[in-house]
Amino acid sequence: MTTFSDLGLSQKVLTAVTDAGYTIPTPIQAGAIPPALQRRDILGIAQTGTGKTASFVLPMLTLLEKGRARARMPRTLILEPTRELAAQVAENFEKYGKNHKLNVALLIGGVSFDEQDRKLERGADVLICTPGRLLDHCERGKLLMTGVEILVIDEADRMLDMGFIPDIERIAKLIPFTRQTLFFSATMPPEIQKLADRFLQNPERVEVSTRSSTATTVTQRLVATHSKDYEKRAILRDLIQKQEELKNAIIFCNRKLDVAELYRSLSRHGFSVGALHGDMDQSSRTKMLAGFKDNAITLLVASDVAARGLDIPDVSHVFNFDVPIHAEDYVHRIGRTGRAGRSGAAFTLVSKRDTKFVDAIEKLIDKKIEWLNGDLSALPAPMESHESSKPERGGRDGKRGGRRNDRDRDYAPRPVHSHKSDTKSDDIPAAVTTVAALEPVIAKAEPVRSERKAETKPQNAGRHSNRPAPQPYPANDDNRDRRNRYRRDQDDGPTPVGFGDDIPAFMLIAGKA
DNA sequence: AAAAAAG
């Protein structure tokens, strides 16, 4: 059997790999590392979760042992489509490069130039970038690309989706023709093949069998719903609480605004929740992701920024709050669970308007997905918003006399505290008109909530009831439009309010994880 | 019907 020591890697690299606990390379690593070490170009066709990152990081480390970086002349360059992916690759260099003294510079948007400039000035052996920020540095004249010996283009198909290809071409033109190029893509549509033909010279093609579209260890279910968000949120809450083995979950929405809204809703309902989307400021993105990885946050509401590539191990559940518009995104999203042969569950909320997207998904994965509680034809009449400010309607009192079905719970009128702040504002200073101005109010309220820790009931995963009510703006969704009007001006998405550096204890799951 | 990335 092939081991890492058979691949031609340097001793320093091997030691770090062994220390990290690995002995057997994955297929993409076994296939790509030896030719990469011989300075061959590589065309790697592999998805995330296949060990792709190490398949370029390890040979790069070995090759970089010869030579030294010069100021403003990086020796190698890695291009990634998202900031999080770039940061993740940088972590890999830290981990496997611990026996090397290499300068690694992470050039991504959303953070200040100063530190990046300093690193470049010092001379970077490895530059890990998102395209926009790299070009920005180049245009500022801080960077000379003529010393780049190795170029890595990662997730090329996603770069294409995101319209980065012109940027990539511009960058590639700045780099000497004699470079070695390592090119990775999960899929090989014709445009990507053409791109590869242009960028690569006589490449070694390494293809690892794509995870057969969706892993068989993942239980997939469709959940019928009407299209109203309050109904979808209620169904989602119920679904989450019914899960017995929920360790952590990513909840995908199609739009950033919906990510922000669902995040607020879930946190108001006392769930341990974070959010991730591209309009959030970078420090919040980083914090949220770190909190989720550390299990400080159980639920992560995310846009498709989190669908691909991010290495979040052990996600037990994926919930699609919205059906993805592009069928491939479904595969990527539910690929966040059931990794490495573990079991996982993926639930997708489906309303009538989503059926054509579901059809496309089923066609792509070549199988029918079962409904959890009957399909759309079995759907009862739309539920009314419990969050409505109107008094109770017939049959919908706390005991729920009227229509009953599996879904019909948790739509009882909210406990008083949800409505209380409706009555306008003991909590909201009259002058406050923007969400930004409200945030400190939330933050201030936070310690109060922490003190209530002793009262929390741990039996529900991620859920904590009897929460006190620091509602800085109405929980009542009839007020949503008003809020959104504020929000639209400056929607940074959710900030991890009140969790600064540590998450209040009551937000952690007590009891079974 | 969207998201991502440069400000």
Side-chain angles (χ1 to χ4, degrees), chain A residues 48 78-89 106-114 116-117 127-143 153-171 185-186 225-229 232 250-263 275-282 284-286 288-289 300-310 320-333 336 348-361 488 490-493:
Chain A
T48 33
I78 300 169
L79 294 170
E80 295 288 337
T82 68
R83 299 170 186 173
E84 277 76 12
L85 275 172
Q88 198 170 283
V89 172
L106 180 62
L107 306 188
I108 59 176
V111 294
S112 101
F113 281 93
D114 297 354
Q116 296 179 358
D117 282 342
L127 223 51
I128 305 167
C129 316
T130 48
R133 182 54 71 96
L134 174 66
L135 286 169
D136 215 339
H137 277 284
C138 290
E139 280 154 16
R140 288 155 35 111
K142 294 283 185 181
L143 205 46
I153 299 167
D154 199 13
E155 304 259 332
D157 51 352
R158 197 170 178 206
M159 300 263 205
L160 178 77
D161 287 349
M162 291 167 63
F164 284 170
I165 298 305
D167 286 349
I168 303 295
E169 307 225 31
R170 277 174 66 200
I171 292 164
S185 189
T225 174
H226 294 281
S227 59
K228 289 276 192 246
D229 279 355
K232 291 171 75 174
I250 304 182
I251 304 165
F252 285 103
C253 299
N254 285 355
R255 293 180 303 188
K256 290 178 283 206
L257 214 64
D258 295 328
V259 169
E261 187 165 322
L262 182 57
Y263 163 80
L276 189 68
H277 68 68
D279 279 356
M280 288 164 56
D281 67 78
Q282 191 56 39
S284 302
R285 285 169 69 163
T286 308
M288 290 290 188
L289 194 56
L300 185 69
V301 187
S303 69
D304 280 314
V305 68
R308 307 191 198 187
L310 286 189
N320 289 312
F321 188 75
D322 298 309
V323 179
I325 293 164
H326 292 299
E328 323 81 85
D329 287 334
Y330 178 84
V331 178
H332 289 294
R333 287 179 181 187
R336 312 296 354 185
T348 301
L349 302 195
V350 180
S351 71
K352 211 166 174 186
R353 62 175 70 167
D354 302 318
T355 48
K356 59 178 178 297
F357 301 122
V358 173
D359 291 345
I361 290 166
R488 218 152 273 146
Q490 64 120 66
D491 184 28
D492 272 357

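Quick caveat: nothing in here was measured; it's all calculated off a predicted structure. Below, chains carry the letters A, B, ... as their sequence lines are ordered, and counting in each starts from 1.
- Note: A:Met159 CE to A:Leu79 CG = 5.0 Å, rounded to the nearest 0.5 Å.
- The one candidate from A:Ile325, A:Thr348, A:Val323, A:Val358 that meets the side chain to side chain contact (heavy atoms under 4.5 Å, CB included) condition with A:Tyr330 is A:Thr348.
- A donor-acceptor pair under 3.5 Å links the side-chain atoms of A:Ser185 to the main chain of A:Asp157, judged by distance alone.
- No engagement by A:Asp258 is indicated, since no non-hydrogen atom pair under 4.0 Å with the nucleic acid exists.
- Rounding to the nearest 0.5 angstrom, the gap separating the CG atom in A:Asp258 from the NZ atom in A:Lys232 is 7.5 Å.
- In summary, A:Asp322 and A:Arg255 do not engage in a salt bridge, as defined by a charged side-chain N under 4.0 Å from a carboxylate O.
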Which parts of nucleotides 2-7 of chain B does protein reach within less than 4.0 Å, heavy atoms only, written one letter per nucleotide 5' to 3' as B for base, S for sugar-phosphate only and - for none?
BBBBSS
